[in-house]
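Here's the structure, in structure tokens; my notes come after.
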Amino acid sequence: TGGYNVGQTQGMSINNDLLLTGKKSFGKFNIEYLAGGTIYYNKSDNMNANTVGGISVPGFFSLKASVNAAAVNESLYRIQVNSLYGRMGFSWNKLIYVEATGRNDWSSTLPADTRSYFYPSVAGSFVISELLPASTKNWLDLLKVRSSWTMSKTPAGIYAINSSYTVTSATWNTLNGASLPTSLYPEGLKPASANTFEIGLQGMIFKNRLMADVSYYSKRMYDGIIAGQITPASGYTGIYTNTEEETTRRGWELTLNGTPIRSGDWQLDLGLNWSTFARYYTKLDPVFSAKRPWVQVGERIDAYVSQDFLRRPETGELIVNSSGRIIYSGYNTNFGWSDPDWLWGANANLKYKNFSLFLSFDGVIGGLMGTRTESYMWQIGVHPESVTPERAL
């Protein structure tokens with residue numbers, strides 16, 4: 001019977017910034033500083049409408065042709081974030097570098113008592129090559145160790161903490177209706193937070209013809225904002241709150257860049273990167289964390305969980321019914337981990353005068369995933385292994 005839909009979205013955003021920057025030197029000691037503030041405002045207005053039950057006149061695409069009352073939806077979004085921030089950088093004799101930042105935001109998407117939140121960072125590096133004998137300068141361009149610690153915060157989404165009625169048009173004939181919210185929105189909601197620590201080593205040799213960089217990082221995520229379930233006996237089905245569950249992501253990253261050819265009009269640049277990571281539970285929420293055997297402190301969080309197939313105890317063969325379909329168990333099983341074992345990438349760039357040829361390759365190794373095609377073949381009983389003696393006849 002056809003249908004018709006029309007919508008309109010419009011919006012705008014404004015950033016007002018005030019910055020003060022400067023630097024000062026005292027012999028071999030250098031200072032850089034920055035202080036500033038930002039007022040960020042964003043608004044978005046959306047409206048859409050569609051016919052319900054089809055259109056009454058073929059080819060007449062209009063809301064007026066809706067068989068039933070047309071459905072109209074409208075949304076208004078507003079957000080403002082006020083910020084103050086600063087940065088201080090120190091260096092001495094091209095040997096030691098230290099940097100610290102701090103930022104405080106006031107977000108309109110959080111309750112008044114937690115609307116203000118602060119997050120800092122600190123980083124430093126030590127150039128080891130500056131202490132080595134002058135003879136090493138012939139082949140060693142840079143050897144540096146670095147480390148950093150940062151905190152980040154993410155506030156709730158726009159109107160995510162607002163308790164509001166849901167309005168439905170034409171609930172009783174021409175009368176509109178409204179329903180209560182199904183979730184609780186307690187006070188004191190904090191932004192989701194994360195702390196990241198990183199340490200690394202970087203080296204360059206042979207006039208920057210070869211560079212290697214290796215780093216280790218650990219990122220702890222806490223105070224996540226979730227929609228937790230509560231008993232319907234309370235009159236609600238969920239609660240929007242911070243979870244006590246904490247997870248940590250740890251990993252290694254390695255980068256190698258080299259220029260084996262640099263002669264006349266020719267140059268060949270090669271690059272290789274490799275990384276690996278894993279995510280772990282470091283703290284559980286006694287109320288909202290999943291009650292599963294694989295959800296434990298110290299265990300990985302990327303468990304690949306699904307219902308296993310029933311098998312014959314004596315042979316381990318799949319149990320297939322007369323229709324060619326496998327039979328699932330009544331409980332979930334952890335088959336392994338979905339995150340990859342490691343990731344890699346490689347690139348090459350061959351240059352001749354003003355022409356260049358660039359090639360790039362990357363891959364993901366390890367980790368479990370499902371195959372939709374094979375799943376459907378089992379569901380409808382056409383998988384090659386689904387042939388039973390009864391069906392073979």
In chain order, what residues pass the salt bridge (charged side-chain N to carboxylate O under 4.0 Å, His left out) check against E99, with sequence neighbours excluded?
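Listed in chain order: R87.
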Can you sort out the partners of R146 under salt bridge (charged side-chain N to carboxylate O under 4.0 Å, His left out), two or more places apart, ordered by chain and number?
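Checked R146 against salt bridge (charged side-chain N to carboxylate O under 4.0 Å, His left out); matches are E198, D213.
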Any chance the side chains of Q267 and D269 put a donor and an acceptor closer than 3.5 Å?
yes
For E245 and S289, does a side-chain donor sit closer than 3.5 Å to a side-chain acceptor?
yes
When clusters are formed by joining ILVMFWY residues with side-chain heavy atoms under 4.5 Å apart, either directly or through shared neighbours, do [X] and [Y] land in the same one?
{"X": "I39", "Y": "Y117", "result": "no"}
{"X": "V67", "Y": "V52", "result": "no"}
{"X": "L368", "Y": "V305", "result": "no"}
{"X": "W344", "Y": "V364", "result": "no"}

Got a sec: does the [atom1] of [X] have more than 12 other heavy atoms crowding it under 6.0 Å?
{"X": "F118", "atom1": "CZ", "result": "yes"}
{"X": "K353", "atom1": "NZ", "result": "no"}
{"X": "E299", "atom1": "CD", "result": "yes"}

Where [X] and [Y] come nearest, the two heavy atoms and their spacing:
{"X": "G54", "Y": "T51", "value": "O-CB, 3.8 Å"}
{"X": "S129", "Y": "D141", "value": "OG-O, 4.3 Å"}
{"X": "I31", "Y": "F90", "value": "CG1-CD2, 3.9 Å"}

Which pairs pass ring pair (Phe, Tyr, Trp, His ring centres under 6.0 Å) with one or both residues in [range], sequence neighbours excluded?
{"range": "residues 165-197", "answer": "none"}
{"range": "residues 205-259", "answer": "Y216-W252"}
{"range": "residues 4-60", "answer": "none"}

What distance separates [X] [atom1] from [Y] [atom2], expressed to the nearest 0.5 Å?
{"X": "R220", "Y": "T282", "atom1": "CZ", "atom2": "OG1", "answer": "7.0 Å"}
{"X": "N257", "Y": "R209", "atom1": "CG", "atom2": "CZ", "answer": "13.5 Å"}
{"X": "D223", "Y": "T243", "atom1": "CG", "atom2": "OG1", "answer": "9.0 Å"}
{"X": "S108", "Y": "I158", "atom1": "OG", "atom2": "CD1", "answer": "7.5 Å"}
{"X": "S218", "Y": "I199", "atom1": "OG", "atom2": "CD1", "answer": "12.5 Å"}
{"X": "W342", "Y": "L254", "atom1": "CH2", "atom2": "CG", "answer": "11.5 Å"}

Just do the side chain to side chain contact (heavy atoms under 4.5 Å, CB included) check on L357 and Y352 with the steps written out, would you?
CA-CA 9 Å; L357 174 65; Y352 175 73; over 6 Å; no
Please name all residues satisfying side-chain hydrogen bond (donor to acceptor under 3.5 Å, both in side chains) with T276, sequence neighbours left out, ordered by chain then number.
none
May I ask you to decide if P133's main-chain N or O and T136's side chain share a donor-acceptor pair within less than 3.5 Å?
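Checking the backbone N and O of P133 against the side chain of T136, a donor-acceptor pair under 3.5 Å is found.
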May I ask you to decide if Y331's main-chain N or O and S329's side chain share a donor-acceptor pair within less than 3.5 Å?
yes
For the pair K153 and D105, find out whether any cationic side-chain nitrogen is under 4.0 Å from an anionic carboxylate oxygen.
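Salt bridge: no.
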Between the side chains of D113 and R115, is the shortest nitrogen-to-carboxylate-oxygen separation below 4.0 Å, so that they form an ion pair?
no
Can you see whether Y119 has R103 sitting over its ring - NZ or CZ less than 6.0 Å from the centre and within 45° of the normal?
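No, R103 and Y119 do not form such a contact.
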With the side chain counted from C-beta on, respond yes when [X] and [Y] share a heavy-atom pair under 4.5 Å apart, and no when they do not.
{"X": "D339", "Y": "F277", "value": "yes"}
{"X": "M221", "Y": "T248", "value": "no"}
{"X": "W294", "Y": "I301", "value": "no"}
{"X": "P191", "Y": "T154", "value": "no"}

For N82 and T38: C-alpha separation, side-chain torsions, deciding distance, then whether side chain to side chain donor-acceptor pair (under 3.5 Å) applies.
CA-CA 6 Å; N82 303 332; T38 297; over 6 Å; no
Which is it for Y159 and T109 under the side chain to side chain contact (heavy atoms under 4.5 Å, CB included) test, yes or no, and what are the steps along the way?
CA-CA 6 Å; Y159 306 139; T109 65; over 6 Å; no
